[in-house]
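Being a predicted model, the structure only gives us computed values, none of them experimental. Atoms considered below: every heavy atom in the structure, side chains included; atoms not considered: hydrogens, waters and symmetry mates.
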Amino acid sequence: MSYYNDDPIYESKSRNSIISSVLALVLLIAGGGFFLKSTLAANIALNSGGTVEFGQAVSQAVACSESQNVTVTPRTSFVNASNGTGTFYLSSITVANIPTSCYGVDFKLSAYGPSSSTPLSIFNTSTTESIVYNNAGNFGVNPLIAGVSITSGSGTFTVNFSSPVAQASTVDKVTIQSELHKAFCNDTASGCVGQTGPGGGKIFYQAATPFTCGPTRSTTCTYLEAAPNGWQGAGATDDRNPDTNRTWSPSGQRANVIASQEGIGWGYRHSVTIAALAGSDTTNSAATLARSYSVTVGSTVYNDWFLPSKDELNEMYLQKAMIGLSDAPYFSSTDNTNIDNETRAAYSQSMQSGAVISDAFKYYSDFVRPIRAF
């Protein structure tokens with residue numbers, strides 16, 4: 001996949017009156033498409049003249065920028081194809097010069113064709129709008145919406161569509177509206193726990209502050225999501241035992257202490273380490289089985305699942321009913337380094353009593369439920 005961006009920045013004209021609670025800016029993309037067939041730059045007019053060119057029902061309101069100009073930059077990316085052709089897609093939109101008068105609003109971004117009043121799908125197969133919350137200058141998107149990410153700075157943000165679906169040739173108008181914020185689940189502590197996560201499972205943990213995570217612990221996350229019941233496929237489980245059991249690692253690796261950290265944010269790194277030693281052996285390695293799980297939601301593939309660390313597993317116990325765990329012991333990805341037989345034991349936890357099993361032999365079979373962090 002290759003990308004090309006060559007889109008100009010245009011400034012909006014602000015107004016001096018407010019109509020209803022909806023505050024809107026509108027971009028009109030002229031000349032038969034967002035990315036013109038004959039040029040690399042589209043002719044975009046923002047609220048030019050005395051009237052708004054598109055969407056009169058919502059576009060006569062004042063931008064929350066008041067007297068300060070706001071710049072909006074839509075961008076396209078080129079996706080190459082194996083047959084030598086390719087397609088330009090609407091892939092990101094940048095909004096800049098946002099003043100403090102816009103604190104507390106949601107910006108709603110949409111795209112339209114030349115005649116229909118129905119917004120186009122712009123990312124994740126069928127999603128037609130992207131919502132950005134301006135929380136006192138800190139911009140964020142709903143963490144439960146897949147296929148969109150955000151980068152931001154002082155008075156500016158860019159929404160990026162990881163799987164854009166709106167072909168540039170079909171996009172005639174892009175709208176950005178501002179309105180009073182409608183709460184995301186992460187607006188309050190633990191607000192997302194119990195919600196369905198981006199990967200289709202249940203969110204069982206929300207950190208008060210982001211924690212270090214990822215396969216190399218080089219990024220930060222806020223949430224932990226458990227794979228849903230039936231994650232192994234139809235017929236693989238039943239209501240009494242929604243998970244399968246595995247030994248901790250293949251016999252040749254059981255004497256190694258390789259994953260001793262207990263804290264939240266360590267499960268992914270442990271699982272990658274264990275799976276590297278176990279190879280593709282999903283039959284004899286709980287971590288490798290967890291890492292093998294992959295699911296596609298919309299057009300986004302989630303293959304970042306892993307075996308939880310000791311502390312991550314305890315958070316699962318606290319939400320066991322909501323997740324749908326059985327009452328059996330479940331393996332963590334954490335070695336036990338505090339007992340004499342440390343080279344042969346790992347931590348597991350009973351989902352019935354909550355008891356932590358510190359000497360779970362690696363050749364025993366305990367249950368497995370993959371999780372992911374985001």
Side-chain angles (χ1 to χ4, degrees), residues 190 192-194 197 199 201-208 211-215 217 221-229 231-232 237 241-249 254 257-275 278 282 285-293 304-339 342 344-374:
S190 302
C192 294
V193 172
K202 291 296 184 181
I203 297 174
F204 64 91
Y205 176 78
Q206 178 176 328
F211 55 90
T212 304
C213 61
R217 288 179 48 81
C221 300
T222 303
Y223 310 95
L224 294 175
E225 174 186 358
N229 286 353
W231 62 274
Q232 298 172 85
T237 60
N241 296 297
D243 298 287
T244 192
N245 52 12
R246 289 290 188 273
T247 58
W248 196 82
S249 62
R254 290 171 189 160
V257 180
I258 56 179
S260 61
Q261 300 296 324
E262 301 178 5
I264 290 173
W266 279 95
Y268 198 168
R269 180 166 179 172
H270 284 348
S271 298
V272 169
T273 301
I274 298 167
T282 59
S285 171
T288 303
L289 178 64
R291 288 288 301 123
S292 70
Y293 179 54
D304 55 350
W305 303 85
F306 55 88
L307 191 67
S309 68
K310 176 176 174 287
D311 290 354
E312 291 166 345
L313 183 62
N314 186 64
E315 295 296 333
M316 296 179 73
Y317 166 72
L318 297 177
Q319 302 292 340
K320 63 178 184 178
M322 178 265 290
I323 296 172
L325 301 176
S326 69
D327 286 335
Y330 280 71
F331 260 134
S332 79
S333 59
T334 304
D335 274 305
N336 186 348
T337 62
N338 299 314
I339 58 176
E342 64 183 34
R344 294 182 291 117
Y347 284 102
S348 67
Q349 187 168 1
S350 169
M351 293 297 127
Q352 182 176 37
S353 65
V356 175
I357 303 167
S358 61
D359 58 351
F361 292 114
K362 295 178 182 179
Y363 54 80
Y364 285 171
S365 291
D366 280 347
F367 280 94
V368 177
R369 177 68 70 100
I371 70 171
R372 61 183 297 271
F374 65 99

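- Between Tyr330 atom OH and Met316 atom CE the span is 7.5 Å, to the nearest 0.5 Å.
- Listed for the Lys320 side chain is a donor-acceptor partner under 3.5 Å among the backbone atoms of Met351.
- Looking at residues two or more places apart in sequence or on another chain, you find a salt bridge (charged side-chain N to carboxylate O under 4.0 Å, His left out) between Arg372 and Glu225, Asp304.
- By the side-chain contact (heavy atoms from CB on, under 4.5 Å) test, Gln206 is found to be paired with Asn186, Cys192, Val193, Thr222, Tyr223, residues two or more places apart in sequence or in another chain being considered.
- Contact check for Asp335 versus Lys362: side-chain heavy atoms found under the 4.5 Å cut-off.
- Within the 3.5 Å criterion, the main-chain N or O of Thr282 finds a donor-acceptor partner in the side chain of Arg246.
- Residues Ser309 and Glu262 approach most closely at OG-O, 3.4 Å, considering heavy atoms.
- Here the CZ-OG distance, from Phe367 to Ser350, works out to 11.5 Å after rounding to the nearest 0.5 Å.
- Under the side-chain contact (heavy atoms from CB on, under 4.5 Å) criterion, Ala207 pairs with Tyr205, Phe211, sequence neighbours left out.
- In this structure, Trp248 contributes its side chain and Ser332 its backbone to a donor-acceptor pair below 3.5 Å.
- His270 places none of its side-chain heavy atoms less than 4.5 Å from the side chain of Leu307.
- For the salt bridge (charged side-chain N to carboxylate O under 4.0 Å, His left out) test, no residue two or more places apart in sequence or in another chain qualifies with Glu312.
- Of all the heavy atoms in Gly324 and Asn229, the pair that sits closest is O-OD1, 3.2 Å.
- To the nearest 0.5 angstrom, Gln349 atom CD is 11.0 Å from Thr334 atom OG1.
- Using a distance-only test at 3.5 Å, with no hydrogens or angles considered, a donor-acceptor pair links the side chain of Asn336 to the main chain of Ser358.
- Side-chain contact check for Asp243 versus Val368: every heavy-atom pair is 4.5 Å or farther apart.
- Note that NZ of Lys310 is 5.5 Å distant from OH of Tyr347, once rounded to the nearest 0.5 Å.
- With sequence neighbours excluded, the residues that form a side-chain contact (heavy atoms from CB on, under 4.5 Å) with Ala227 are Trp231, Tyr293, Trp305, Arg369, Pro370.
- Ile203 has its side chain within reach of Phe374: a pair of non-hydrogen atoms, C-beta onward, lies under 4.5 Å apart.
- The shortest heavy-atom contact between Ala275 and Thr288 is CA-OG1, 3.5 Å.
- With sequence neighbours left out, Glu315 forms a salt bridge (charged side-chain N to carboxylate O under 4.0 Å, His left out) with no residue at all.
- Using bins of under 30°, 30° to 60° and over 60° for the plane-to-plane angle, the ring pair Tyr364/Phe361 lands in the perpendicular bin.
- Nearest heavy-atom pair, Gly263 versus Asp311, reported as atom, atom and distance to 0.1 Å: CA-OD2, 3.3 Å.
- Atom CZ in Phe331 sits 7.5 Å away from atom OG in Ser365 (nearest 0.5 Å).
- Taking CG of Leu313 as the reference point, atom CD1 of Ile264 lies at 11.0 Å (rounded to 0.5 Å).
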